[in-house]
Amino acid sequence: MNWLPLSFGAPMVLWGLLALPVIWWLLRLTPPKPQMEVFPPLKILARVLRREETPQQSPWWLTLLRLLMAALIIIALAEPVFNPREKLPAEGSALALVIDNDWASASDWGKRVATAERLIADAGSNGVPVVIAFTAEKPNAEIGPFDASGALDRLRAAKPRPIPTDRPAVYARVAGALERLPGASVAVLADGLAAKGDDAAFKTLLEKNASRLVWVTSDRLALTGLTGADNQVDGFALTAIRAAGDPAPAQVTAGAFDDKGRRIADATLTFAPNQTTATATMAVPFELRNDFASVALDGEHQAGAVRVLDESSKRRRVGLLSQAEADQAQPLLSPLYYIRRALQPFADLVEPSSADLADAIPQLLDQKPAMIIMADVGTIPEQVRQRLVDWVDKGGTLVRFAGSRLAASGNDDDLLPVRLRSGERALGGALSWTTPQPVTEFPKTGPFADLAPPTEVTVSRQVLAEPTPDIVERTWATLADGTPLVTGLKKDKGTLVLFHVTPEATWSNLPISGSFVEMLRRIVQLSRNQGAAVANAEAAAASLAPYRMIDADGMLVPPTPDARPLVPAAGPLPVTLENPPGLYGSETGVFAHNLLNAASTFAPLVRPQVSLPVTAIPYAFDESENLKGPLVATALLLMVLDTLAVFWMGGLLSRRPRRAAAVAAAVLIALGGVFGHADLARADDAKPGDSQAIDDISKTRIAYVITGEPGVDSISRAGLEGLTRFLIEKTALEPGPPAGVDIAKDELSFYPLIYWPIDATAPMPSQASIARIDAYMQQGGTVLFDTRDQFSNGIGASSASPATERLRDILGNLNVPPLEPVPSDHVLTKSFFILPEFPGRFNGSPLWVETSLDASNTENRPVRTGDGVSPIMITANDFAGAWAIDENGDPMLPTVPPDPMQRVYALRAGVNIMMYMLTGNYKSDQVHVPILLERLGQ
């Protein structure tokens with residue numbers, strides 16, 4: 001009987017209901033003992049005439065009580081189940097459960113576990129062993145077979161991992177286990193995401209010993225991930241992807257967080273219909289961008305929606321300095337031309353306004369650059385030299401290029417990494433080559449060790465370094481004859497670098513090669529003022545310890561016991577259980593290892609084409625409920641009521657109070673013992689939530705609707721806390737802390753006002769939840785709807801925003817009265833402060849309330865159950881955003897436009913709304929005060 005929401009495990013027992021008429025007849029013949037009252041004068045008559053008297057029948061309500069009790073016992077013995085489910089195909093020689101527990105399964109892991117539990121329970125009822133394997137676990141993990149109890153223990157101990165699946169290896173192990181169990185049912189609980197090697201993996205799993213395939217997957221692949229977060233010239237560029245085949249447009253909000261978890265920037269990425277990639281840019285100053293530690297997508301609780309950032313994503317301010325005047329007619333001969341072209345994509349370049357080194361160097365140092373590049377700069381003036389040396393010692397990176405001026409200036413041990421020979425070496429000179437010299441492979445001890453050697457680069461002229469015992473250690477790039485091309489030296493906390501050629505293509509073609517860009521970028525990465533760089537040679541050769549890991553839910557957590565050190569290398573590194581995504585290194589420097597890269601895509605998993613019988617089921621929670629326990633508990637309660645009724649009718653409770661109290665106590669003790677063993681009727685749970693209810697009504701509290709979006713809910717709570725502080729400071733009202741309510745289950749009548757921020761990404765409330773809100777409004781409560789979209793086609797606009805569309809869907813199921821913007825003479829404009837408008841974080845949207853009735857007509861006064869208060873208010877001005885304060889009491893979000901008085905008016909608007917809510921039509925009735933005083937005077 002699948003069309004009924006009720007089924008019975010033993011339906012034949014229901015024939016016992018036919019015995020209810022017989023029970024009714026027996027109960028009428030055995031009424032309770034009548035109550036006896038002795039009247040002394042009648043004792044004489046009792047001796048004269050004695051006859052037996054019995055009551056005619058039991059009271060109808062007692063008979064009905066006993067019939068109901070008997071019916072409940074019969075129905076309970078029939079084992080009723082509400083909303084029954086069909087048994088899943090878990091038969092054969094065994095059940096093989098292959099479950100994806102990778103990062104893509106984290107967002108609905110609870111549904112996956114519930115579905116697997118039903119499969120295991122049905123296999124256990126059939127006496128079938130279970131093989132259970134997870135595709136994101138260690139390759140040597142035990143897979144069974146287990147009995148149903150052991151399989152459930154394995155399932156409940158599993159958890160999603162922040163790594164991709166390894167279906168080929170795991171499916172091969174399961175296929176090997178099924179060789180001893182031919183004819184098994186195979187249940188594939190997939191994450192819906194295709195991966196490399198899937199076809200071969202399914203063939204290995206299903207082609208030999210499987211008798212049936214149970215295919216379990218989600219209705220649609222609703223994943224969104226971050227594949228790029230690049231710090232560019234004009235902002236922080238973000239790239240997000242989703243699965244192909246989604247025709248609907250979508251928007252997702254990304255937030256940037258600093259190393260303390262504070263949100264410091266936002267951006268909205270928009271997917272066009274059938275588009276799989278969306279981009280956006282966080283246009284914030286580069287100083288703020290350099291504080292970004294991670295970027296995450298709102299509402300996506302999985303590791304693919306988070307990207308951690310290391311020093312390579314932070315832009316550096318680089319100062320450029322040259323003594324040669326630029327020739328506007330020949331820009332390619334400018335000493336800084338190729339340097340600018342190479343650095344501009346990943347650094348902020350600054351140049352002095354003066355050509356005089358005595359003025360130019362201080363101008364650059366005042367802008368606090370991470371690196372200074374000097375193109376053929378000779379002798380440094382003495383008045384600024386010491387300041388430049390101090391800047392290097394404190395962590396600055398000084399990069400110098402050779403030229404005629406540098407060759408003639410002599411050595412400077414404080415500002416050069418090596419000592420130079422006087423003069424220069426040129427093709428055809430005294431120390432000349434017969435042919436231009438190429439560049440050899442980069443030394444393994446230098447920062448360019450993982451770069452490919454530039455085979456096309458040749459050098460025809462250079463400045464030579466003096467041979468010293470440590471010249472090899474200081475050499476970062478060499479020519480074929482062994483002479484240095486680039487040398488470097490760590491000096492205190494800073495770095496000195498020298499290119500032994502000019503920065504333009506006169507001595508060498510290095511500046512016009514791609515290797516020039518990579519070498520400068522690597523040096524920029526080294527120009528960190530805080531400790532050692534992870535991108536240097538030591539980090540390339542050594543392993544980095546796990547520092548902070550991204551778990552499957554997208555949260556940064558301490559390293560797990562399975563995490564192992566990571567060896568950085570060129571190109572994308574694989575994400576494994578030993579090297580999960582996260583940060584590797586230490587507090588002095590970290591390396592970002594992210595789950596997704598620029599080449600990642602989300603391809604939906606296609607069900608394999610097999611000749612086996614296939615059963616496709618969705619992920620779902622088990623909504624069936626066994627009613628046997630509640631029915632038995634109800635029958636026991638009716639039995640107790642029947643016993644008390646018999647005692648009362650027999651006069652036991654009235655004539656012998658002490659004995660009655662003892663009997664009542666005994667009944668309660670017995671009731672407690674019975675209910676202590678009942679499944680669903682424990683005595684200590686008789687009235688859950690009483691203490692919380694007392695706390696909720698002990699003080700006036702403002703409530704907000706919990707939307708399920710962490711960013712929205714945190715702003716709502718912070719906003720109501722700010723309004724609560726302002727109420728305490730400015731009025732006699734002292735509200736309690738704000739309360740977050742779940743409109744689906746929490747009691748709403750405790751709160752005079754509920755603030756509801758409308759968010760299009762939050763789940764649509766159920767019809768039952770909306771009905772509870774409607775009842776709350778009809779019984780005198782007020783809901784303040786805030787779409788927060790004044791500048792995104794808000795209320796009343798011809799093209800509504802997603803938040804407004806969601807509000808219309810909600811209001812379509814409510815009994816909404818006629819609405820109007822707050823009139824100028826409305827009580828809201830003068831309930832505490834005199835206010836002509838009601839701004840929030842934004843200004844311009846009216847505050848909509850219930851249309852006022854004609855106050856001059858005494859028979860049509862605006863008095864209702866809510867005491868004249870509008871049951872609904874609507875705004876788009878983002879009240880909570882204007883009220884929100886942090887733990888120090890400072891505003892969390894700026895107003896638009898940035899006017900300090902707008903926040904004050906927003907708080908005053910909140911005070912007026914609360915006064916209006918708590919006083920009702922009292923304020924509006926003040927217009928009658930003069931007439932009342934006149935009557936009192938008469």
Side-chain angles (χ1 to χ4, degrees), residues 2 83-90 95-124 130-137 148 151-152 154-165 167 170-171 174 185-195 198 201-202 205-206 212-225 242-246 248 299-305 551-554 602-608 613-625 708 744 761-764 766:
N2 294 333
N83 196 14
R85 64 174 180 87
E86 295 183 2
K87 294 196 68 174
L88 300 177
L95 171 65
L97 279 175
V98 189
I99 305 173
D100 286 345
N101 66 322
D102 61 327
W103 65 271
S105 64
S107 57
D108 58 349
W109 180 247
K111 279 187 178 180
R112 298 169 189 269
V113 171
T115 305
E117 286 177 344
R118 296 202 303 274
L119 284 164
I120 294 174
D122 292 344
V130 179
V131 175
I132 182 169
F134 300 92
T135 59
E137 293 292 343
L152 282 175
R154 292 279 301 169
L155 174 66
R156 290 163 182 168
K159 61 182 180 180
R161 302 283 191 174
I163 62 174
T165 60
R167 294 192 183 109
V170 176
Y171 284 15
V174 175
S185 296
V186 178
V188 176
L189 281 71
D191 60 3
L193 195 63
D198 283 349
F202 283 119
L205 179 65
L206 302 174
R212 173 183 290 275
L213 172 62
V214 181
W215 183 258
V216 190
T217 187
S218 301
D219 297 334
R220 55 186 293 266
L221 185 57
L223 285 177
T224 306
R242 66 173 179 175
D246 195 341
E300 292 287 334
H301 305 294
Q302 36 88 3
D551 68 2
D553 295 326
F602 290 162
L605 180 64
V606 179
R607 189 173 73 192
V614 179
T615 302
I617 61 175
Y619 288 113
F621 291 104
D622 188 359
E623 298 179 352
S624 61
E625 183 177 356
T761 62
M764 178 68 183
S766 63

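Heavy-atom basis, side chains included; hydrogens, waters and symmetry copies ignored.
Looking at R118 and T115, their side chains come closer than 4.5 Å, going by heavy atoms from C-beta outward. Residues T217 and L605 form no side-chain contact, since every pair of their non-hydrogen atoms from C-beta on lies 4.5 Å or further apart. By the 4.5 Å heavy-atom criterion applied to side chains, L205 and V188 are counted as neighbours. Between Y171 and T135, the closest side-chain pair of non-hydrogen atoms falls below 4.5 Å.
Taking CG of D100 as the reference point, atom CG of L193 lies at 9.0 Å (rounded to 0.5 Å). Here the OG1-CZ distance, from T615 to R212, works out to 4.0 Å after rounding to the nearest 0.5 Å. Going from atom CG of L119 over to atom CG of L97 covers 5.5 Å, rounded to the nearest 0.5 Å. With rounding to the nearest 0.5 Å, the separation of CG in L189 from OG in S105 is 10.0 Å. Summarising the geometry, atom CH2 belonging to W109 is positioned 10.5 Å from atom CG belonging to D191; distances are rounded to the nearest 0.5 Å.
Residues passing the side chain to side chain contact (heavy atoms under 4.5 Å, CB included) test with A96 are V131, V174, L178, V186, sequence neighbours excluded. In this structure, the side chain to side chain contact (heavy atoms under 4.5 Å, CB included) partners of R154, at least two apart in sequence or on a different chain, are I132, A141, F146. Among residues two or more places apart in sequence or in another chain, the ring pair (Phe, Tyr, Trp, His ring centres under 6.0 Å) test is passed with W215 by F202. Residues that satisfy the ring pair (Phe, Tyr, Trp, His ring centres under 6.0 Å) test with Y619, not counting sequence neighbours, are absent from this structure. In this structure, the side chain to side chain contact (heavy atoms under 4.5 Å, CB included) partners of D551, at least two apart in sequence or on a different chain, are D553, M555, V557. With sequence neighbours left out, A136 forms a side chain to side chain contact (heavy atoms under 4.5 Å, CB included) with N101, D102, R161, I163.
Checked for salt-bridge contact, D108 and R112 meet the test: a charged N lies under 4.0 Å from a carboxylate O.
Between A194 and P604, the shortest heavy-atom contact is CB-O, 3.7 Å. The two residues W103 and G304 make their nearest non-hydrogen contact at CE3-N, 3.7 Å. For the residue pair A552 and A106, the shortest heavy atom distance occurs at O-CB, 3.2 Å. Looking at every heavy atom in both residues, E137 comes nearest to K159 through OE2-O, 4.0 Å. Across F602 and G225, no two heavy atoms sit closer than the pair CE1-N, 3.5 Å. Smallest separation of non-hydrogen atoms from E117 and L155: CG-CD2, 3.5 Å.
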